[in-house]
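Have a look at the structure below, then the notes.
These values consider heavy atoms only, across backbone and side chains, with no hydrogens, waters or symmetry-generated copies. Each residue takes its place number in the sequence, starting with 1.
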Amino acid sequence: ALEAIRDFIAGIAAHEPGTTIYHSYQDVDDPTSFFHVMRFTDAEAREQHVSSDHVKVFVDRLYPLCEDKPSFTDVRTVAAR
């Protein structure tokens, strides 16, 4: 999973200028649990990410390793420093 995540994020960096942040965090107490944070310049950049070939490759590579299907939550910034 770590290799798949690292390869995926490298692909995002190389091919998605509209993805301004993509961080993956691993739970220290449960190393099988990951949390991904991403930010896009706009809705078009998000759609470009979701529909990209490297997302399909990542899903096909990672999801079979998951005990539970990954879930996604859209959030918006309320305050930041």
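Distance check, rounded to the nearest 0.5 Å: NE2 of His23 to CZ of Arg39 gives 8.5 Å. Once rounded to the nearest 0.5 Å, the distance linking CZ of Arg61 with CG of Asp7 reads 4.5 Å. Remark: Glu16 CD to Ile9 CD1 distance equals 11.0 Å, nearest 0.5 Å. Atoms CE and OG1, from Met38 and Thr19 in turn, are 8.5 Å apart once rounded to the nearest 0.5 Å.
Of all heavy-atom pairs between Ser24 and Phe34, the closest is OG-CD2, 4.1 Å. In this structure, His49 and Val55 approach most closely via the heavy-atom pair O-CG2, 2.9 Å. Listed here is the closest heavy atom pair of Ala45 and Gly18: CB-O, 3.5 Å.
The side chain to side chain contact (heavy atoms under 4.5 Å, CB included) test with Tyr63 is passed by exactly one of Val59, Leu65, Asp60: Val59.
Tyr22 and His36 have perpendicular rings, their planes meeting at more than 60° on a 0 to 90° scale where under 30° would count as parallel.
Looking at heavy atoms from C-beta onward, Gln26 lies in side-chain contact with Leu2 at the 4.5 angstrom threshold.
Using a 4.5 Å cut-off between side-chain heavy atoms of Ile, Leu, Val, Met, Phe, Trp and Tyr, Ile21 forms no hydrophobic cluster with any other residue.
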With a 3.5 Å cut-off and sequence neighbours excluded, list the donor-acceptor pairs that the side chains of residues 66-81 form with protein atoms.
none

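Heavy atoms from other residues, nucleotides or ligands lying under 6.0 Å from CG of Asp27 number more than 12. The environment of Arg46 atom CZ is sparse: at most 12 non-hydrogen atoms of other residues, nucleotides or ligands sit within 6.0 angstrom.
With Thr20 contributing its side chain and Thr41 its backbone, the two residues share no donor-acceptor pair below 3.5 Å.
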